[in-house]
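Worksheet: one structure, shown below.
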Amino acid sequence: MKKVLDSITEVLSQAFVQCGYEEKYGKVGLSNRPDLCEYQCNGAMAAAKAYKKAPVQIADEVAAVLKNHPLFEEIVSVKPGFINIKICGEFLKNQLQKMAADGKFGCQIEQKPKKIIVDYGGANVAKPLHVGHLRSAVIGESIKRIKRFFGNQVIGDVHLGDWGLQMGLIIEELHDRQPDLVYFDPNYQGEYPKEPPLTISEMEEIYPAASIRSKEDAAFAERAHKATFRLQNGDPAYMALWKHIMSVSKADLKKNYDRLHVNFDLWKGESDAQPYIPDMIEDMIARNVAYESQGAIVVDVALDTDAKEMPPCLIRKSDGASLYATSDLATLVEREKLYQPEEYIYVTDKRQELYFTQVFRTAKKAGIVKESTSMNFIGFGTVNGKDGKPYKTREGGVMRLENLISEIDEAVYLKMEENARKKEVSLEREEAEQIVPAVGLSALKYGDLSNQPSKDYIFDVDKFTSFEGNTGPYILYTIVRIKSILNKYTKQGKNPEEATVFYKPNSESEKALMLTLVRFSDAAEAAYREIAPNKICQYIYDLSNDFNHFYHETKIIDEKEKEKQEGWIALLKLVKQVLECGIDLLGFSAPDKM
RNA sequence: GCGUGCGUAGCUCAGUUGGAUAGAGCGUCUGGCUACGGACCAGAAGGUCGUGGGUUCGAAUCCUGUCGCACGCACCA
């Protein structure tokens with residue numbers, strides 16, 4: 001469906017041509033003076049120079065031509081040379097009618113859908129999720145949903161850290177605690193047990209303990225390194241143990257990600273890439289892409305155009321061990337073999353930008369990834385506390401994600417309790433248990449996503465969980481309120497489903513709401529194009545505000561005129577759908593009550 | 001040292017890619033609402049866009065000098 005801006009631009013462009021100017025000057029944008037107009041065209045000022053005429057004169061000519069055009073309620077030229085436009089309510093009404101019938105609310109879906117792999121999450125097996133994992137999960141999930149909304153085939157991969165030193169640490173710690181386990185008996189020949197030798201809560205305790213111990217006890221650290229090495233060389237006992245650790249940990253991670261409404265299509269990890277490493281490195285050396293330098297194997301990735309120094313990409317350490325880059329490249333080998341995506345998006349901490357530039361260049365130079373494949377790095381900033389420093393626990397330790405969520409949920413619960421007290425109703429425990437996580441999640445995700453991904457932001461529980469202002473709960477509240485009105489309408493014995501015909505705007509606030517509504521596709525497309533979920537937040541916040549403004553001065557349920565009331569119900573439904581669509585793109589959903 | 005990013009209201013952030021009087025929220029101040037659609041609404045105060053220069057009809061936005069902060073600069077992930 002054609003967008004409002006395009007329709008107006010088309011008309012303006014024709015008018016410019018008719019007056020003897022180039023078509024390109026007819027470009028129309030949103031007004032930045034809503035008090036004066038809804039849309040504006042600045043082309044007359046640009047044209048003034050080219051045609052050596054006063055801008056006002058040009059604007060006057062164009063506005064005169066369009067004076068009685070049916071699309072406009074008003075079109076005037078003003079002082080320096082702006083053309084100010086208000087569009088006709090009837091046209092707006094028809095536009096909404098089309099928008100409501102369009103499954104994507106007027107968004108232009110990708111003509112040629114792409115296959116895209118989004119690499120996000122980055123959890124480490126056996127280690128608890130912490131604040132650092134929050135942004136990757138939240139931003140990555142939203143990006144995945146946005147890309148998918150525009151028709152692409154998107155594969156989300158958690159890309160677990162499942163092959164590192166933490167495995168050796170756990171194995172050795174377990175060895176010391178339960179030396180009788182068959183995994184540690186060198187003479188054992190039988191099948192290894194199907195039941196895991198440890199639970200998730202044991203593992204949660206064992207890993208940090210082992211990690212601390214390795215820093216104080218050099219001999220233990222050495223043993224852990226050796227165990228890791230043994231595991232990576234396929235020792236059957238350790239492999240059996242590793243599989244148990246994996247399954248226990250994955251189940252727990254899944255549970256935690258589910259709570260965040262973060263769903264991965266693939267649960268691949270570094271270990272999956274290991275089989276590809278030897279051939280890959282050999283091939284890169286054989287084709288002179290990689291070479292030896294100071295005992296290590298490296299790939300030159302510097303370009304003449306680089307302003308900054310670009311160190312070579314290391315793919316094998318001088319001691320023969322592989323690195324993060326090795327595993328990332330081998331992962332690409334596997335992904336190309338299995339999926340051949342046309343685009344990659346990595347969502348990680350922005351401090352890794354240089355590193356990923358190296359990996360991307362290496363992948364292309366080595367021919368692992370085609371030149372035409374786009375490889376994007378979305379780097380996010382740090383989650384800080386109110387002091388502007390990385391968010392920590394009160395004791396100064398790493399903040400676990402679980403605790404962060406509990407902190408938010410607790411704040412939400414207290415607010416709900418307080419509100420219930422004000423209204424003098426009691427808060428049903430069962431109801432609260434359903435609502436609190438939903439509201440908490442909106443607070444957490446909206447608080448994160450409303451910032452630009454690349455910027456650091458301050459994690460402020462009070463601000464995020466506030467039911468007022470630019471927050472997740474405020475958006476949810478708006479949706480819940482609409483649901484409540486629709487319920488009331490149903491209780492009058494009417495069916496909201498039958499209210500499908502829009503009514504032309506008859507108040508300023510109603511028109512403002514409609515104008516914001518038709519802007520959805522612009523906001524969503526900008527978010528899509530720029531990989532910027534914060535644009536969705538900005539938009540749904542505007543829409544919520546416009547809606548609240550409108551409903552405040554409109555008595556919908558008491559309206560006697562049937563057509564008008566039905567038009568409003570249709571409008572409400574569309575606002576609700578668009579808001580729900582918006583929060584779904586952000587990765588959360590609204591409860592029925594709150 | 002080299003490089004990258006960022007400096008916008010007391011605080012947290014926007015700013016449609018060069019347009020009119022730089023916008024929101026929180027906080028502060030004033031007013032409305034005994035309401036189950038008020039977790040809201042109306043209004044006020046608050047700014048030399050870090051700072052100096054340049055480009056042009058026009059700059060928070062582009063170029064440049066400078067100050068401050070954060071981050072990164074091959075065998076960690």
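Throughout, protein chains are lettered first and strands after them, A, B, ... in sequence-line order, and every chain is numbered starting at 1.
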message = Suppose you measure atom C1' in A60(B) against the same atom in G50(B); what distance do you get, rounded to whole Å?
response = 12 Å
ask   = Using atom P of each nucleotide, how far apart are G27(B) and C40(B) to the nearest Å?
value = 10 Å
task = Between G43(B) and A24(B), how far apart are the C1' atoms? Round to whole Å, please.
result = 16 Å
ask   = Among the nucleotides G37(B), C13(B), C41(B), which one has an atom lying closest to any side-chain atom of Ile556(A)?
value = G37(B)
note = Partner of U34(B) under the Watson-Crick or G-U wobble criteria, both distances under 3.5 Å, comes out as none
task = With RNA chain B as reference, determine whether Ser450(A) or Glu353(A) sits nearer its 5' end, using the nearest nucleotide of each.
result = Glu353(A)
remark   = Its glycosidic angle compared against 90° from 0, U17(B) adopts the form syn
ask   = Once you round it to whole Å, what is the distance between P of G5(B) and CG of Asp349(A)?
value = 17 Å
ask   = How far, in whole Å, is G47(B) from U8(B) if one measures between their C1' atoms?
value = 8 Å
task = Go through Tyr21(A) and Tyr51(A) one step at a time and tell me if the ring-ring contact (aromatic ring centres under 6.0 Å, His included) criterion holds.
result = CA-CA 8 Å; Tyr21(A) 308 104; Tyr51(A) 293 91; 4.8 Å; yes
inquiry  = Rounded to whole Å, please give me the gap between CD1 in Ile458(A) and P in C11(B).
reply    = 10 Å
query = Can you give one letter per nucleotide of nucleotides 19-29 of chain B, going 5' to 3': B for a protein heavy atom under 4.0 Å from the base, S for sugar-phosphate only, - for none?
reply = BBB--SSS---
Whole angstrom value for the distance that separates P of A42(B) from NE2 of His552(A) = 7 Å
ask   = Which part of the nucleic acid, if any, lies within contact of Lys488(A), taking any heavy atom under 4.0 Å across all strands shown: a base, the sugar-phosphate backbone alone, or nothing?
value = sugar-phosphate
Of the listed nucleotides C41(B), G37(B), G15(B), the one nearest the side chain of Arg481(A) = G37(B)
ask   = Considering only heavy atoms from C-beta outward, does the side chain of Phe356(A) approach that of Met375(A) to under 4.5 Å?
value = no
For atom NZ of Lys491(A) and atom C1' of C36(B), their distance in whole Å = 11 Å
inquiry  = So Lys49(A), base contact, sugar-phosphate only, or nothing? Heavy-atom distance under 4.0 Å.
reply    = sugar-phosphate
task = Give none if A59(B) has no partner; otherwise give the nucleotide forming a Watson-Crick or G-U wobble pair with it, both distances under 3.5 Å.
result = none
request  = Using the C1' atoms only, state how far A44(B) lies from A9(B), rounded to an integer number of Å.
outcome  = 14 Å
query = Under 4.0 Å between a side-chain N or O of Lys593(A) and OP1 or OP2 of A39(B)?
reply = no
task = Please list, chain by chain and in numerical order, all residues satisfying side chain to side chain contact (heavy atoms under 4.5 Å, CB included) with Pro437(A), sequence neighbours excluded.
result = none
message = If I take atom CG in residue Asp387(A) and atom C1' in nucleotide C11(B), what distance separates them, rounded to the nearest angstrom?
response = 14 Å
request  = Rounded to whole angstrom, note down the C1' distance from A74(B) over to G58(B).
outcome  = 49 Å
query = What is the pairing partner of A39(B), taking Watson-Crick or G-U wobble pairs with both distances under 3.5 Å in any strand?
reply = none
inquiry  = If I pick the P atom on C41(B) and the same atom on C26(B), what distance separates them, to the nearest angstrom?
reply    = 9 Å
query = Does Lys455(A) put a side-chain nitrogen or oxygen below 4.0 Å from OP1 or OP2 of A14(B)?
reply = yes
message = Distance check needed: A42(B) C1' versus Phe550(A) CZ, whole Å only.
response = 18 Å
ask   = How would you label the contact of Ile482(A) with the nucleic acid (heavy atoms, under 4.0 Å): base, sugar-phosphate, or nothing?
value = nothing
request  = For C71(B) and G54(B), measure between their C1' atoms and round to the nearest Å.
outcome  = 30 Å
ask   = Is the closest side-chain donor-acceptor distance between Tyr346(A) and Asp328(A) under 3.5 Å?
value = no
remark   = Applying the 3.5 Å cut-off to both distances, the Watson-Crick or G-U partner of C71(B) turns out to be G3(B)
Residue pairs involving residues 520-540 of chain A (criterion salt bridge (charged side-chain N to carboxylate O under 4.0 Å, His left out); sequence neighbours excluded) = Lys3(A)-Glu525(A), Glu530(A)-Lys535(A)
ask   = Any luck finding a side-chain donor-acceptor pair between Tyr474(A) and Asn548(A) under 3.5 Å?
value = yes
request  = Kindly state each residue pair satisfying salt bridge (charged side-chain N to carboxylate O under 4.0 Å, His left out) with at least one member in residues 470-480 of chain A, sequence neighbours excluded.
outcome  = none
remark   = Per atom distances to the Gln452(A) side chain, the nearest of C57(B), C40(B), G15(B) is G15(B)
query = Is the Phe520(A) to Tyr539(A) ring centre distance short of 6.0 Å?
reply = yes
ask   = Counting only Watson-Crick or G-U wobble pairs whose two distances fall under 3.5 Å, which nucleotide matches U28(B)?
value = A44(B)
message = Please enumerate all residues that pass side chain to side chain contact (heavy atoms under 4.5 Å, CB included) together with Asn487(A), with sequence neighbours excluded.
response = none
query = Do Lys415(A) and Thr465(A) have side-chain atoms, one donor and one acceptor, less than 3.5 Å apart?
reply = yes
request  = If G23(B) has a Watson-Crick or G-U wobble mate with both distances under 3.5 Å, name it; if not, just say none.
outcome  = C13(B)
message = Distance check needed: G37(B) C1' versus Lys573(A) NZ, whole Å only.
response = 18 Å
inquiry  = What is the distance, to the nearest angstrom, from the CG atom on Leu449(A) to the P atom on A14(B)?
reply    = 13 Å
message = Counting primed atoms plus P, OP1 and OP2 as sugar-phosphate and everything else as base, spell out the protein contacts along nucleotides 69-77 of chain B at 4.0 Å heavy-atom distance: B, S or - for each nucleotide, 5' to 3'.
response = --SS-BBSB
Donor-acceptor side-chain pairing of Asp546(A) and Thr516(A) below 3.5 angstrom = yes
inquiry  = Can you confirm whether Glu508(A) is buried at CD, in the sense that more than 12 heavy atoms of other residues, nucleotides or ligands lie under 6.0 Å from that atom?
reply    = no
